[in-house]
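Please read the structure below before turning to the comments.
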Amino acid sequence: MSAMKYTQLGRTGLKVSRLVLGTMNFGPQTDETDSHAIMDAALGAGINVFDTANVYGWGENKGRTEEIIGSWFAKGGGRRDKVVLATKVYGNMAADGEAWPNHDKLSALNIRRAVDASLKRLGTDHIDLYQFHHVDRSTGFEEIWQAVDVLVQQGKILYAGSSNFPGYKIAQANETAARRGGTIGLVSEQCLYNLAERRAEMEVIPAAQEYGLGVIPWSPLHGGLLGGVIKKQAEGGRRASGRAADSLADTRTRAQIQAYEDLLEKHGTEPGEAALAWLLTRPGVTGPIVGPRTAEQLESALRAVDLELSEELLTGLDEVFPGPGPSPEAFAW
């Protein structure tokens, strides 16, 4: 395995690995011991960005994932210093789903409360990248940036990012930051983006590029759909579940995925690795989030960093999964 590749996160001076470790499986799918082993392996392979969210763990275990990361940091060995730690705020943290007023979303009150709770679970004094998990339609960016400025001054966070924002909200957020002055604004956008879901190319990614945000795609394999799912089923492997299973129930999607798997077999390339490598060729992309449940899945993802896709293969992938085209041409004529 060759060395990890690094790039800058958007317009910042922050150096980040081309793969981001997603931790959503830690707790619900992967126990603490195995989660710690995966984090050690990721760090050993040069992955320096670990992404989580306050709600991960889900249900009555919300916050559990941050606690697992916190107990890993507590082992020492320079673990915290080597990691660019990213978490998120927005979700309702009530175990029963009934949030007390101001215990979710992006009011200044909840941002302050949520960051302190995350820091406690993570066992650290600062979060490197604090991301808004969703747009809050009832809170203005003037209030959000004022809350962020206070946290930056207190040393609790360094950078702010967005997740699941439409292009116009990225613009609105950063125009408001520019008007306020002294606020760097959003430096990253974490969005759903992969070969099977390319709508982000129309508005979100151009907005991110225009405003200097690094794009961090989540679900790069579209819930496993792009990981060789038909072949695995045929070989008696793990059956598709969740998003992948729903998608395969549609005959047109199934034919598309079959064409994708056939194309990659012709080129002698693993589907999951090709899907990640494709994202690494895309303009504006910093690095996709890989959320391994096992050490083997992490090893497969790491191989994608060195995978060179030929022009012929890239053209073939575009034919199987055509993008929406640029805005406004895509919908204007």
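Here the structure is a predicted model, which means the values were calculated and not measured.
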### Message
Is there a continuous path of hydrophobic side-chain contacts, each under 4.5 Å between heavy atoms, that joins Met4 to Phe50?
### Response
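Result: yes, single cluster for both.
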
Inter-residue atom distance [X].[atom1] - [Y].[atom2], 0.5 Å rounding:
{"X": "Asn174", "Y": "Gln172", "atom1": "CG", "atom2": "CD", "answer": "11.0 Å"}
{"X": "Glu143", "Y": "Ser138", "atom1": "CD", "atom2": "OG", "answer": "9.0 Å"}
{"X": "Leu85", "Y": "Phe73", "atom1": "CG", "atom2": "CZ", "answer": "4.5 Å"}

Do you know which two heavy atoms are closest between [X] and [Y], and how far apart they sit?
{"X": "Leu21", "Y": "Ile47", "value": "N-CG2, 3.8 Å"}
{"X": "Ser17", "Y": "Gly46", "value": "CB-O, 3.7 Å"}
{"X": "Leu226", "Y": "Pro220", "value": "CD1-O, 3.6 Å"}
{"X": "Gly224", "Y": "Val229", "value": "O-CB, 3.7 Å"}
{"X": "Ile127", "Y": "Ser118", "value": "CD1-CB, 4.1 Å"}
{"X": "Thr65", "Y": "Pro28", "value": "OG1-CD, 4.3 Å"}

Just so I know, are the side chains of [X] and [Y] near enough to count as touching, which here means a heavy-atom distance under 4.5 Å?
{"X": "Thr251", "Y": "Arg254", "answer": "no"}
{"X": "Val215", "Y": "Cys191", "answer": "yes"}
{"X": "Tyr90", "Y": "Gln131", "answer": "no"}
{"X": "Glu98", "Y": "His103", "answer": "no"}
{"X": "Asn25", "Y": "Pro292", "answer": "no"}
{"X": "Lys62", "Y": "Arg121", "answer": "no"}
{"X": "Thr52", "Y": "Phe26", "answer": "no"}
{"X": "Leu264", "Y": "Glu273", "answer": "no"}

Taking atom [atom1] of [X] as the centre, does the number of heavy atoms from other residues, nucleotides or ligands within less than 6.0 Å exceed 12?
{"X": "Glu270", "atom1": "CD", "answer": "no"}
{"X": "Met202", "atom1": "CE", "answer": "yes"}
{"X": "Gln29", "atom1": "CD", "answer": "yes"}
{"X": "Arg11", "atom1": "CZ", "answer": "yes"}
{"X": "Gln146", "atom1": "CD", "answer": "no"}
{"X": "Gln233", "atom1": "CD", "answer": "yes"}
{"X": "Lys75", "atom1": "NZ", "answer": "yes"}

### Task
Please list all pairs passing the side chain to side chain donor-acceptor pair (under 3.5 Å) test where one or both residues lie in residues 313-323, with sequence neighbours left out.
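Output for this query lists Arg198-Asp318.
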
### Query
Does anything in residues 237-259 pair up under ring-ring contact (aromatic ring centres under 6.0 Å, His included), and if so which pairs, sequence neighbours excluded?
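Listed once each, the pairs would be none.
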
### Query
For residues 253-310, which residue pairs qualify under ring-ring contact (aromatic ring centres under 6.0 Å, His included), counting only residues two or more places apart or in two chains?
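ring-ring contact (aromatic ring centres under 6.0 Å, His included) check on residues 253-310 returns Tyr193-Trp278, Tyr260-Phe321.
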
### Query
Does the pair Arg18/Asp306 count as a salt bridge with the N-to-O cut at 4.0 Å?
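Judged by the 4.0 Å cut-off on N to carboxylate O distance, Arg18 and Asp306 do not form a salt bridge.
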
### Message
Less than 4.0 angstrom from a charged side-chain N to a carboxylate O is my criterion; do Glu32 and Arg64 meet it?
### Response
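Looking at Arg64 together with Glu32, the answer is yes, because their closest N to O distance falls below 4.0 Å.
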
### Message
Ignoring hydrogens and geometry beyond distance, is a side-chain donor-acceptor pair present between Tyr130 and Lys156 at under 3.5 Å?
### Response
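There is no such pair (donor and acceptor under 3.5 Å, judged by atom type) between the side chains of Tyr130 and Lys156.
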
#### Entry: Other ILVMFWY residues reachable from Leu158 by side-chain steps of under 4.5 Å
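Taking Ile, Leu, Val, Met, Phe, Trp and Tyr as members, Leu158 shares its hydrophobic cluster with Leu9, Leu14, Val16, Val20, Val49, Val84, Leu129, Tyr159, Ile184, Val187, Leu192, Ile216, Trp218, Ile289.
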
#### Entry: Residue pairs passing the salt bridge (Lys or Arg N to Asp or Glu O under 4.0 Å) test where at least one lies in residues 320-333, sequence neighbours excluded
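For residues 320-333: none.
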
### Query
Can you pull the salt bridge (Lys or Arg N to Asp or Glu O under 4.0 Å) pairs that have at least one residue in residues 40-49, sequence neighbours excluded?
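Listed by first then second residue: Asp40-Arg79.
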
### Query
What do the steps show when you test Asp149 against Gln153 for side-chain hydrogen bond (donor to acceptor under 3.5 Å, both in side chains), and what is the final call?
CA-CA 6 Å; Asp149 286 347; Gln153 284 153 14; 5.5 Å; no

